[in-house]
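Presented below is the structure to which this report refers.
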Amino acid sequence: MMDATKYKRNYFMPPEESLEWTKKEYIDKAPAWCSVDLRDGNQALIVPMSLEDKIEFFKMLVAIGFKEIEVGFPAASETEYEFLRALIEQNLIPDDVTVQVLTQARPHIIQKTFEAVKGCKHAVIHLYNSTSLAQREQVFKKSKEEIIQIAVEGAQMLADLTKQDGGNYQFEYSPESFTGTEVDFALDICNAVIDIWQPTPDNKVIINLPATVEMSLPHVYASQIEYMSKHLHNRENIILSLHPHNDRGCGVADAELGVLAGADRIEGTLFGNGERTGNVDIITLAMNMYTHGVDPKLDFSDIPKITELYERVTGMHVYERSPYTGKLVFAAFSGSHQDAIAKGMNWRKEKNLKDWTVPYLPLDPHDVGREYDGDVIRINSQSGKGGIGYILEQRYGFNLPAKMREDLGYAVKDVSDHLHKELSPEEILGIFNQRYVNIKTAIKLDECHFVQEGNGVISTELTIKRDDVPKVYHGTGNGRLDAVSNAIKRHFAIDFKLICYEEHALQVGSNSQACAYVGIESPEGNVTWGCGIKNDIIDASVCALLSAVNTVLDQNHIQ
């Protein structure tokens, strides 16, 4: 049995109301981004990345546009130590990129960290110690004053070693487990560290407030961040950073509301990789901003390529429904959704619109390297005429009459339902061709000639093979197709009326073929469709009519 009574709210509201962030509608500029894929994300893998994998991943992060990259905990892992040294000694860190290293507030670990970063042009040394009530009581068994002393001594050692070393280092401090820490105590310990480091406009300090474990609703975290932002010492020289995890599934909301509340910087990972439920997904955050018209300053224009590398070197799998990045996030199987998307796409084309407002698609898939017909309109037994028609038009150039699209829609859905599978565009084209195009079963046209008789009357002479025996048939009508229809009805045991005729060029240019669609209706009201594809539009229209007629003859077993 589940027992909710053993849980209590282990977070703390700030000591004063902090709700200014609620008055802001959206994030109007990108925060500073710091990727922690190579540290926090790597330590969460079943099999951590090799040195070669980490170098390849680092180069990808640089190409995406990250200017700050946390590369590891060099004092805790020989692999991470060697990775950092390789980046430095092989000159793999661009001049405009800063690497970040993590260290606990412990003297021997700090000393090893400084050895690891020696020779680095730009580095952030990230100091942390845990501050939550649970950690103080259960793990360290120390008072608030003793916990502050750990942070202060670590901060002083960083300042002293930097002075001795002469390195170009920026400092960062995290009260780890901030979300389980009394907010006024978190403020006290951060201010104590700030007072040691004395940040300046030319050498700002990063104060990072991690949701090490996500404990509250996002609005609580935002209020905590706003309180800290208002009361940190030397705030104008502080870069306020967030490091949200995703235990409650609200990491993105925490980050977004935290930025509204005053945060300047976000630490996270691609695809939300990280311990337990992971870190905040920087791709989602960046693309959320992008779809509000704000440049996130990161390049995710080739998500498939990024996904391939990520899955290969981490052994992780990007969930099919992961926002912006999953294989199915743009996919519409529902008939009504497909119809709305197709009409929206045509609307943009007709109106030559720049603004993106397509129904069911908050983002243009092309912006992240995805395709409309392969990634957006997907066909299965739930699909409708709009999506099927859209695929035939966009990929193959067929612009079917509305009622013919409906007829094909039922046929395609029946095939998908019977096979219990999604159908590819090639399979849909195959169904279309088999059902409608140039059908030559009962009767086959050899030749067709027309004569203008006067008074708008046209006569035709058809040479048709029936049972492979050619025979000449004649007919008249008020147009070419009417003349052929009358000849067929006169000489074959079939009655129908022509209810639809449409035509168009199938391709552009001198090699274009003509495509015609014909719908015929029986006395009982049943409609049958045919399509003709020929080099000449007259031949195409006659073939379309005979395709529909052959289908009726086959269905009625008429020879």
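Atoms OG1 and CD, from T212 and Q135 in turn, are 8.5 Å apart once rounded to the nearest 0.5 Å. Atoms CD and CG, from E172 and N208 in turn, are 4.5 Å apart once rounded to the nearest 0.5 Å.
A donor-acceptor pair shorter than 3.5 Å cannot be found between the side chains of E115 and Q111. In summary, the side chains of S130 and S177 do present a donor paired with an acceptor at a separation below 3.5 Å, with no hydrogens or angles considered.
By the 6.0 Å and 45° rule, R312 does not stack over the aromatic ring of F57. Annotation: cation-pi pair K351/W347 present, NZ/CZ under 6.0 Å from the ring centroid and within 45° of its normal.
Remark: of the listed residues N234, T200, I238, V193, I238 is the sole one forming a side chain to side chain contact (heavy atoms under 4.5 Å, CB included) with V205.
Side chains of L127 and F171 form no contact here, defined as non-hydrogen atoms less than 4.5 Å apart.
In terms of heavy-atom proximity, I110 sits nearest to Q104 at CG1-O, 3.5 Å.
Ion pairing between D96 and K121 fails under the 4.0 Å rule for side-chain N and carboxylate O. Note on E137 versus K141: no salt bridge recorded, every NZ/NE/NH1/NH2 to OD/OE distance being 4.0 Å or above.
Between H233 and H231, the ring center distance fails the sub-6.0 Å criterion.
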